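As the structure is a prediction and not an experimental result, all values here were calculated from the model. Each residue takes its place number in the sequence, starting with 1.
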Amino acid sequence: MAKGEGAESGSAAGLLPTGILPAAERPAQVKIYLLDVAQVDPFSASIILFVGRAWDAFTDPLVGFCISKSSWTRLGRLMPWIIFSTPLAIIAYFLIWFVPDFPQGQALWYLLFYCLFETLVTCFHVPYSALTMFISTEQSERDSATAYRMTVEVLGTVLGTAIQGQIVGQADTPCLQDPADSALATEGANRTQSTTSLRETQNAYLLAAGVIASIYVICAVILTLGVREQREPYETQQTEPISFFRGLRLVMGHGPYVKLIAGFLFTSLAFMLVEGNFALFCTYTLGFRNEFQNLLLAIMLSATFTIPIWQWFLTRFGKKTAVNIGISSAVPFLILVAFMESNLIVTYVVAVAAGISVAAAFLLPWSMLPDVIDDFHLKQPQSHGTEPIFFSFYVFFTKFASGVSLGISTLSLDFAGYQTRGCSQPARVKFTLKMLVTIAPIVLILLGLLLFKLYPIDEEKRRQNKKALQALREEASSSGCSDTDSTELASIL
């Protein structure tokens with residue numbers, strides 16, 4: 001575990017694990033570093049994270065629009081963004097974990113490079129996600145690519161967390177037996193920590209950053225050399241530029257997309273609440289202080305190994321069926337958690353079951369997005385190049401759910417009287433943690449499933465869209481599809 005993971009000041013945010021978020025999304029981990037290693041004051045650290053997350057969310061649709069306006073090159077439309085953002089993102093990531101010698105401008109330093117890194121990662125992640133639409137025109141191949149992508153993303157999260165945790169995890173901060181001392185926890189820890197020990201911790205973070213950055217580069221090189229974008233045959237005939245607000249209106253006015261992202265938002269928020277509070281729940285409510293890292297690992301590994309199973313299930317029984325069964329399967333186990341006592345074996349069973357549902361919650365909505373884009377292309381045949389806009393808003397709502405989860409957790413625990421670094425917590429805190437891990441996620445899951453029920457693209461609709469798009473491609477390949485032909489085909493559908 002990272003140094004000081006039990007030493008958050010004034011908030012429970014630093015104790016919340018990053019969960020299933022991508023490696024770029026580490027607000028809690030960065031906050032721990034700012035407080036305990038860089039020794040930035042708590043207010044400045046909160047401002048850095050708030051502005052950074054707000055800027056990060058803002059850049060998603062902005063980058064998506066800029067990509068949609070990009071021209072095709074020899075490398076494709078999306079690949080240049082990945083290639084040119086990678087080296088800059090590596091530099092910015094490394095500088096986040098570097099402590100400058102000028103104490104007066106440290107807050108500005110971290111704000112600048114945190115925002116820069118989030119921007120550059122967005123320039124990578126949005127086109128990387130949108131590549132699903134450009135590596136094949138076959139729905140089955142896109143679904144398979146999505147399954148592989150989500151599996152590797154979860155593995156990357158596990159790997160990144162393990163690397164940083166193992167390298168810097170030797171300098172852990174013990175809990176405080178006297179809760180009255182927790183208000184001064186961070187200040188006291190900083191006073192007693194020697195300069196040599198602090199420098200060693202700083203160097204450990206830099207070493208971890210270097211290792212993770214190296215893996216980042218290797219993965220980017222493999223992606224660049226191993227993937228080629230395919231352009232739709234009928235798209236070559238469409239040159240009409242789309243303004244930002246027109247593209248936004250078209251995308252957000254597409255009914256299936258709105259229903260899908262709404263359901264995705266609620267279910268993502270539910271599982272992020274579970275993931276984000278599971279460590280505290282195990283530590284204080286269940287009393288498994290020394291087991292929560294293993295329990296989190298069980299969740300992540302369970303999610304990783306069951307993604308291929310869900311991929312087979314959606315191919316065999318359909319995506320809507322897979323969504324309803326996969327996400328709802330978490331409810332009985334969450335109810336069990338709400339009523340069970342401190343039983344380690346049962347807790348591990350629940351952790352594995354949660355991982356199975358987490359896999360479904362994060363794989364299936366992403367696999368449904370290409371179907372929505374195909375449906376959009378048939379209804380709006382004149383509007384091409386909108387794929388990055390679809391994916392960028394999908395990424396935006398993922399980050400929005402992450403921010404809401406972090407805010408709800410932090411405020412709820414603060415109101416309940418959470419004691420920073422305390423070895424034990426008041427009864428109200430334990431009850432609040434149980435609500436955050438059980439009741440709140442169950443309500444959100446039920447709301448999400450209701451919205452998924454309204455999602456109109458079932459297997460029959462998918463087959464109809466596939467045939468229509470295939471006809472459109474064949475016509476474009478054989479004789480060149482005019483704008484009028486495309487419009488007439490859409491009106492017939």
Task: Test item: side-chain donor near acceptor, Y110 and Q106, under 3.5 Å - done: no
- [ ] Using only heavy-atom distances, determine whether the side chains of H254 and D375 contain a donor-acceptor pair under 3.5 Å.
- [x] yes
Going by the rule ring-ring contact (aromatic ring centres under 6.0 Å, His included), which residues pair with [X] if we only count those two or more places apart in sequence or in a different chain?
{"X": "F58", "result": "W55"}
{"X": "W310", "result": "F313"}
{"X": "Y394", "result": "F264, W366"}
{"X": "F271", "result": "none"}

Open item on the list: Per the side chain to side chain donor-acceptor pair (under 3.5 Å) rule, what does the pair list look like for residues 431-440, sequence neighbours excluded?
Closed with: none
TODO: Could you list all the side chain to side chain donor-acceptor pair (under 3.5 Å) pairs where at least one residue sits in residues 324-335, not counting sequence neighbours?
DONE: S329-S357
What are the two closest heavy atoms between [X] and [Y], and how far apart are they?
{"X": "A401", "Y": "S268", "result": "CB-CB, 4.2 Å"}
{"X": "P127", "Y": "L78", "result": "O-CD1, 3.6 Å"}
{"X": "L363", "Y": "Q311", "result": "CD2-N, 4.0 Å"}
{"X": "A303", "Y": "V358", "result": "CB-CG1, 4.2 Å"}
{"X": "P441", "Y": "V274", "result": "CG-CG2, 3.5 Å"}
{"X": "L273", "Y": "A440", "result": "CD1-CB, 4.1 Å"}

Measure the spacing between [atom1] of [X] and [atom2] of [Y] and express it to the nearest 0.5 Å.
{"X": "F117", "Y": "T122", "atom1": "CZ", "atom2": "OG1", "result": "9.5 Å"}
{"X": "I96", "Y": "F113", "atom1": "CD1", "atom2": "CZ", "result": "9.5 Å"}
{"X": "R428", "Y": "S412", "atom1": "CZ", "atom2": "OG", "result": "12.0 Å"}
{"X": "K259", "Y": "L450", "atom1": "NZ", "atom2": "CG", "result": "11.5 Å"}
{"X": "W81", "Y": "I67", "atom1": "CH2", "atom2": "CD1", "result": "5.0 Å"}
{"X": "Y148", "Y": "T132", "atom1": "OH", "atom2": "OG1", "result": "14.0 Å"}

Quick one: does [X]'s side chain have a donor or acceptor within less than 3.5 Å of a partner on [Y]'s backbone?
{"X": "W109", "Y": "L95", "answer": "yes"}
{"X": "T283", "Y": "L280", "answer": "no"}
{"X": "S144", "Y": "S140", "answer": "no"}
{"X": "K461", "Y": "P456", "answer": "no"}

Would you say that [X] contacts [Y] through its side chain, given a criterion of any heavy-atom pair below 4.5 Å between the two side chains?
{"X": "S367", "Y": "L364", "value": "yes"}
{"X": "I163", "Y": "I215", "value": "yes"}
{"X": "L223", "Y": "L131", "value": "yes"}
{"X": "I325", "Y": "F317", "value": "no"}
{"X": "I212", "Y": "Y93", "value": "yes"}
{"X": "H377", "Y": "T386", "value": "yes"}
{"X": "N465", "Y": "D371", "value": "no"}
{"X": "N277", "Y": "L413", "value": "yes"}

Task: Pair listing, salt bridge (charged side-chain N to carboxylate O under 4.0 Å, His left out) test, anchored in residues 143-152, at least two apart - done: D143-K319, D143-R462, R149-E153
TODO: Check salt bridge (charged side-chain N to carboxylate O under 4.0 Å, His left out) between R463 and all other residues, then give those that pass, not counting sequence neighbours.
DONE: E460
Task: Residues forming a salt bridge (charged side-chain N to carboxylate O under 4.0 Å, His left out) with D60, sequence neighbours excluded - done: K399
Task: side-chain contact (heavy atoms from CB on, under 4.5 Å) between F281 and V337, intermediate numbers included - done: CA-CA 10 Å; F281 178 74; V337 170; 3.4 Å; yes
Open item on the list: Holding to side chain to side chain donor-acceptor pair (under 3.5 Å), I want the full list of residues that pass it with Y348, two or more places apart in sequence or in another chain.
Closed with: E291
TODO: Please name all residues satisfying side chain to side chain contact (heavy atoms under 4.5 Å, CB included) with L155, sequence neighbours left out, ordered by chain then number.
DONE: T151, T304
TODO: Go through the structure and list residues passing side chain to side chain contact (heavy atoms under 4.5 Å, CB included) with V404, not counting sequence neighbours.
DONE: L269, F400, I408
Open item on the list: Let's go through Q425 and T285 carefully: what are the C-alpha distance in whole Å and the side-chain angles of both, what is the deciding distance for side-chain contact (heavy atoms from CB on, under 4.5 Å) to 0.1 Å, and is it a yes or a no?
Closed with: CA-CA 8 Å; Q425 296 292 339; T285 304; over 6 Å; no
Open item on the list: Can you confirm if the aromatic rings of F390 and F376 lie within a centre distance of less than 6.0 Å?
Closed with: yes
Open item on the list: Determine whether the aromatic ring centres of residues Y216 and F124 are separated by less than 6.0 angstrom.
Closed with: yes
